[in-house]
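In what follows, a structure is listed as structure tokens, so that the remarks can point back to it.
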Amino acid sequence: MSNISRADSLVILDFETTGLSPNMGDRAIEIGAVRLVNGEITERFQELMNPGQRVSAFIEDYTGISNDMLVEADSCEVVMARFADFMGDDNLIAHNASFDKRFLDSELERIGRYYNGEFSCSLLLSRRIFQDAHSHKLGELVRFANIESSGGFHRALYDSEMTAKVWMKMLEDIGERYGVFDIPFELIKKLAKAPKKDIDKLLLSYAG
DNA sequence: TGCCAGGCCCTCTTTAGGGCCTT
């Protein structure tokens, strides 16, 4: 898989986990991802994985993923090896990417796998592009952008698909408002880090 | 013993604090 450094060929991923911090012993329990090419979802990946520890009642309730389901799943090591093959060196997107990147790095390090893609964050971008949204939680952004939803949040594939749709809505919005339709990943990364006051200037510099 | 994330972002800021977002 070649590294295509453009915003129109991406892997959008989402982890469900035992908790918030791999540094505190938390592990992944599900990975979901879609590959987005030219604005279309071309591939999907979703697997549960057995973290080797019981998950809390909170996580069972929050995700709908039970300990019984995880006992039947392949180990994190086996599943993450398959996921590493899936994502290749594509650039990556996640909602609140700092969270998913910590788990991706932690789980891949355990199996000696690495990736060459770059990460960007739909949460950071939405705070700049959808500044009128009263919340930037994934579910709230789906409503804000009038994206059709069955409400199945907190499962990895569903959340990655919703993140992909929010992502495409933001790119559409940039096209409509600024006339910028061909957005390199380098610009995405700049946008996600730029002060809000600089967003107009940055995008207008790419227009025309 | 008791506690336990971490990065971003705003503001009553910068010698800091607290809310937002992810599970």
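Chain naming here is simple, since letters A, B, ... match the order of the sequence lines and numbering starts at 1 in each.
Spacing of C1' atoms, B/dC3 relative to B/dT11, comes out at 29 Å, to the nearest Å. Comparing B/dG19 with B/dT13, their P atoms sit 16 Å apart, to the nearest whole Å. Straight-line distance between the P atoms of B/dC9 and B/dC4: roughly 25 Å, to the nearest whole Å. When the C1' atom is used for both B/dT14 and B/dC10, the distance is 13 Å, rounded to whole Å. Taking the C1' atoms as reference points, B/dG7 lies 16 Å from B/dT23, given to the whole Å. One P atom belongs to B/dC12, the other to B/dG18, and the distance between them is 15 Å to the nearest Å. For the P atom pair drawn from B/dC21 and B/dT15, the interatomic distance equals 28 Å after rounding to whole Å.
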Identify each donor-acceptor pair in which a side-chain atom of residues 17-25 of chain A lies under 3.5 Å from a protein atom, sequence neighbours left out, and give them as a table.
{"unit_1": "A/T17", "atom_1": "OG1", "unit_2": "A/G19", "atom_2": "N", "d": "3.3"}
{"unit_1": "A/T17", "atom_1": "OG1", "unit_2": "A/G19", "atom_2": "O", "d": "2.4"}
{"unit_1": "A/T18", "atom_1": "OG1", "unit_2": "A/D26", "atom_2": "OD1", "d": "2.9"}
{"unit_1": "A/T18", "atom_1": "OG1", "unit_2": "A/R27", "atom_2": "N", "d": "3.0"}
{"unit_1": "A/S21", "atom_1": "OG", "unit_2": "A/N23", "atom_2": "N", "d": "3.2"}
{"unit_1": "A/S21", "atom_1": "OG", "unit_2": "A/M24", "atom_2": "N", "d": "3.3"}

Under 3.5 Å, which donor-acceptor pairs do the side chains of residues 191-198 of chain A form with other protein atoms, sequence neighbours left out?
none

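The ring pair (Phe, Tyr, Trp, His ring centres under 6.0 Å) pairs that include a residue from residues 189-208 of chain A number zero, where partners must be two or more places apart or lie in different chains. Among residues at least two apart or in separate chains, side chain to side chain donor-acceptor pair (under 3.5 Å) pairs with a member in residues 125-135 of chain A are A/H134-A/E140.
A/S149 is linked by a side chain to side chain donor-acceptor pair (under 3.5 Å) to A/Y158, counting only residues two or more places apart in sequence or in another chain. Looking at residues two or more places apart in sequence or on another chain, you find no side chain to side chain donor-acceptor pair (under 3.5 Å) involving A/K169.
A/R128 comes within 4.0 angstrom of sugar-phosphate atoms only, judged by non-hydrogen atoms across all strands, and of no base.
Tested against A/R155 for a salt bridge (Lys or Arg N to Asp or Glu O under 4.0 Å), the candidates A/E30, A/E47, A/E161 yield a single pass: A/E30.
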Pull out every protein N or O sitting under 3.5 Å from an N or O of nucleotides 11-13 of chain B, one pair per line with the distance.
none

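Residue A/K101 contributes atom NZ, which lies 16 Å from atom C1' of B/dC8 at whole-angstrom precision. Between the P atom of B/dC8 and the CG atom of A/L191 lies a distance of 16 Å, rounded to the nearest Å.
At least one donor-acceptor pair closer than 3.5 Å links the side chain of A/D159 to the backbone N or O of A/H154.
In the hydrophobic clustering (ILVMFWY side chains linked at under 4.5 Å, chained through shared members), A/I65 is joined by A/I29, A/L48, A/V55, A/F58, A/I59, A/Y62, A/M69, A/L70.
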Letter per nucleotide, 5' to 3', of nucleotides 18-23 of chain B [B base touched, S only sugar-phosphate touched, - untouched; heavy atoms, 4.0 Å] = --BBBB
